[in-house]
Amino acid sequence: MASPPVMYGGRAIDSFDRRILTTYMDEYLGDFIFDTFQLFHFYKNDDVDYKIPSGDKKDDFVDEIESLPLANTPEVFGLHPNAEIGYYTQAARDMWSHLLELQPQTGESGKGISRDEYIGQVAKDIQNKLPQVFDLDQIRKNFGLEISPTTVVLLQELERFNKLIVRMSRSLAELQRALAGEVGMSNELDEVARALFNGQIPSIWRKLAPDTLKSLGNWMIHFRTRYNQYTSWSILPKVFGIIKIFHGKTEMSLYALITQQCFLSWNSAMQAIFAQSLMVES
């Protein structure tokens, strides 16, 4: 049995941490688990029973351990049964990703073109679909001097999107030059080429884009749709969709700020009315 005062690692750094951990161990790993009159079950159902084995020999404990199943349901760990859905979904994604990475990275494909030619065609096709960056100075000028919090959020969104467009355009141009032998193929460009060949989003693009599980083809459709959306937003709309912007938390902070400003304005107006009523009464 582990002694609560004897703890190592960064989790217990002072006497207060040790006191909390000691309380938890007394509550969940106290002497009651050794009570022979009222047997304690860590988990029990019709198929398995997790308890402290009875006996005093090594073989008794080994036999009890070997009788336990190799795979357990989420309930054994105190989780909801739906927890394994996410686990198996992620496992399937990882397996599919690994299978794509295991496919031949050299030679010719079924269409009779080499790997480099295929990557070059994909890079050129994506580059031709890239839009122009937003002219933030002109957009700010169109908004005039009265910049509202909503306008600030929109400008931040456009700035982030411009960084993504510039990064994509620069990496695609450098990759095509590297495939033509004009410059060396760096590790970053090699990762971009591998991602384009496997139909995935390069990691250097993911860092600047919203989180997504889409493939490269579907993501490009989403990319163009988002650009059209921002173009329509450049004429400041009355309503924003939180799920349509890069960072939804920024929008929520904006709404909180606007609500606070409205409350302060209302409070100031009420105080003025109250002060005016006192003056009238006096």
Side-chain angles (χ1 to χ4, degrees), residues 1-103 191 194-195 198-203 206-207 209-216 218-219 222 241-253 255-256:
M1 189 71 179
S3 177
V6 183
M7 299 176 183
Y8 300 94
R11 299 296 180 181
I13 60 176
D14 55 22
S15 59
F16 295 101
D17 290 339
R18 286 192 293 271
R19 184 177 64 179
I20 294 175
L21 295 175
T22 300
T23 303
Y24 274 109
M25 295 191 71
D26 290 339
E27 178 68 22
Y28 296 102
L29 298 176
D31 295 334
F32 61 90
I33 64 176
F34 300 100
D35 191 348
T36 57
F37 296 98
Q38 186 176 358
L39 190 61
F40 179 80
H41 301 273
F42 293 95
Y43 178 80
K44 181 180 180 180
N45 60 14
D46 297 336
D47 300 325
V48 65
D49 183 10
Y50 284 89
K51 65 182 188 303
I52 297 180
S54 58
D56 54 359
K57 295 182 180 180
K58 174 184 175 182
D59 294 338
D60 297 334
F61 293 93
V62 172
D63 294 339
E64 182 70 20
I65 294 174
E66 291 180 349
S67 66
L68 298 176
L70 296 178
N72 294 293
T73 59
E75 293 90 343
V76 175
F77 304 99
L79 302 175
H80 192 274
N82 291 340
E84 63 182 355
I85 297 178
Y87 168 77
Y88 287 123
T89 301
Q90 185 61 40
R93 290 197 184 103
D94 293 340
M95 184 182 299
W96 181 249
S97 177
H98 294 160
L99 289 175
L100 289 176
E101 293 177 356
L102 288 175
Q103 65 179 337
E191 192 278 330
R194 187 184 304 108
N198 294 332
Q200 300 171 343
I201 306 173
S203 60
R206 285 184 179 273
K207 295 178 181 179
D211 294 336
T212 180
L213 296 176
K214 296 179 181 293
S215 61
L216 180 61
N218 293 330
W219 184 78
H222 177 74
I242 296 179
I243 62 175
K244 295 182 180 180
I245 63 178
F246 268 57
H247 301 281
K249 292 182 178 180
T250 305
E251 180 94 354
M252 296 301 294
S253 301
Y255 291 151

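Residue indices begin at 1 and follow the sequence shown. Just so it is clear, the values below take in all heavy atoms, side chains as well, and ignore hydrogens, waters and symmetry mates.
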In Å and rounded to the nearest 0.5 Å, what is the [atom1] to [atom2] distance from [X] to [Y]?
X: D211; Y: R206; atom1: CG; atom2: CZ; result: 8.5 Å
X: T89; Y: E84; atom1: OG1; atom2: CD; result: 10.0 Å
X: L68; Y: D49; atom1: CG; atom2: CG; result: 9.0 Å
X: D17; Y: T22; atom1: CG; atom2: OG1; result: 10.5 Å
X: L99; Y: D94; atom1: CG; atom2: CG; result: 11.0 Å
X: N45; Y: T73; atom1: CG; atom2: OG1; result: 6.5 Å

### Task
Please indicate whether F40 has more than 12 foreign heavy atoms, meaning atoms of other residues, nucleotides or ligands, lying under 6.0 Å from its CZ.
yes

Is there a side-chain contact between [X] and [Y], using heavy atoms and a 4.5 Å cut-off?
X: H80; Y: P74; result: no
X: E64; Y: K51; result: yes
X: I52; Y: F42; result: yes

### Query
Can you name the closest pair of heavy atoms from D60 and S54 and give their distance?
CB-O, 3.8 Å

### Message
Tell me if a side-chain donor or acceptor on S97 pairs with a main-chain N or O of R93 at a distance below 3.5 Å.
### Response
no

### Query
Between Y43 and Y50, how do the two ring planes meet: parallel, tilted or perpendicular, split at 30° and 60°?
tilted

